Amino acid sequence: MAMSPHAPAENPSTPSGYGFELVVQHTLERVRGDTSGELAGYIPELARVDPERFGISVVSVEGEVVSAGDAEVPFTIQSISKAFAFCLALEIAGRDKVLSRVGVEPSGDAFNAIVFDPHTNRPFNPMVNAGAITVSGLIAEELGADAFPMVLDRFSAAAGRSLSVDEAVYSSEAATGHRNRGIAHLLTSAGALVADVDATLDLYFRQCSILVTASDLARMGATLANIGENPLTGSAAFSVEAVRATLAVMFTCGMYNFAGNWAFDVGVPAKSGVGGGILGVVNRQLGIATYSPRLDAKGNSVRGIAAFRELAEELGLHLFDPTNRGSAMLTAFGR
Ligand code: GLN
């Protein structure tokens, strides 16, 4: 049985007394003062964003939306695209073919590590760059010139509006992404990448440069939480089986070499990107997104992690938390 929400506050310092909107607002305010971390500098264009931006958005599978701060400021999706591209690849290429090219094991290594599973000679998982480039290669192999239009179409269906690419970020990464280029050539020599290297990287850099806001990402997360169907538009973006597989890999690998700590403390499938976004999914309940571009040494948003920790604690969102009242609270407050 879902717990009933708290009654309106007697004590204004207790955010849980106020309802969902104030939980989100208070989380933003409590975390805002942390200005530690650095902008992602290795893609030159990403170092030009305003470091102060901070937004949180939550969307339920019933279609309720609660946002605070800079939830409508666009930024590039970066590695959060890896989760949705994997979801699409499973549907297009089929599970067996996908799993013959990329594993589903946490690597414990940095997102851009040049390391493959020594037993299979395949990338460890689709959430690190090597695995994500493999997945983009599979989509390119299956769809040719239709690959990026299909990616953009599905991401847009999940967000519930037409998304576009930040051409400046795309060009910046295409011009400087030598490490990813190196990874792609190694993947080709290992047999994990069959499609043309240039076509694969073009797709990968473009998908990473798709512009989203925190509220777009929260809707995309709510689409995953709603087993592939956007709860606000009713349009189906992803297949049910692919969503289950994607959430599982997000849970074990989505935060790179921080995935274990994240599963321990926050406990929801999630994916971060060096653009400053983090997307979390409370299965069958909520999509939650944060945007704050200062990153820690592992490439995860500092304030994003802190905000998710607070929300998970406040709302009991952890997968194994018996007091989970996230969407029940949101619904009960009539948002
Ligand atoms: N486009 C970035 C890269 O490949 C994405 C990395 C990330 O968001 N962690 O380097």
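Note that ligands are numbered from 1 as they come in the structure, with each ligand's atoms numbered from 1 the same way. A quick note: this is a predicted structure, and the numbers were derived from the prediction, not measured.
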Short side-chain to backbone donor-acceptor contact, Ser156 and Leu163, under 3.5 Å: yes

Ser67 side chain to Ala71 backbone, donor-acceptor under 3.5 Å: no

Part of Val274 within contact of ligand 1 (heavy atoms, under 4.0 Å): both

Using a strict 4.0 Å cut-off to heavy atoms of [X], name the atoms of ligand 1 that fall inside it.
{"X": "Cys208", "value": "1 (N)"}
{"X": "Ser79", "value": "5 (C), 6 (C), 7 (C), 8 (O), 9 (N)"}
{"X": "Gly273", "value": "8 (O)"}
{"X": "Gln78", "value": "1 (N), 2 (C), 5 (C), 8 (O)"}

Looking at every heavy atom in both [X] and [Y], which two are closest together, and how far apart are they?
{"X": "Ser301", "Y": "Ser292", "value": "OG-O, 2.7 Å"}
{"X": "Arg294", "Y": "Thr35", "value": "CD-O, 3.3 Å"}
{"X": "Gly131", "Y": "Val102", "value": "CA-CG2, 3.8 Å"}
{"X": "Val268", "Y": "Phe251", "value": "C-CD1, 3.7 Å"}

Residues Lys97 and Glu141 bridged, charged N to O under 4.0 Å: yes

Asn180 near ligand 1 by a heavy-atom separation under 4.0 Å: yes

Ligand 1 contact by Phe205, heavy-atom criterion under 4.0 angstrom: no

I need the nearest protein heavy-atom contact for [atom]: residue, atom name and distance, please.
{"atom": "atom 3 (C) of ligand 1", "result": "Glu173 OE2, 3.1 Å"}
{"atom": "atom 10 (O) of ligand 1", "result": "Tyr42 OH, 2.8 Å"}
{"atom": "atom 4 (O) of ligand 1", "result": "Tyr204 OH, 2.6 Å"}

Sub-3.5 Å N/O-N/O distance, Tyr256 and ligand 1: yes

cation_pi(Arg32, Phe54) dist<6.0 Å, angle<=45: no

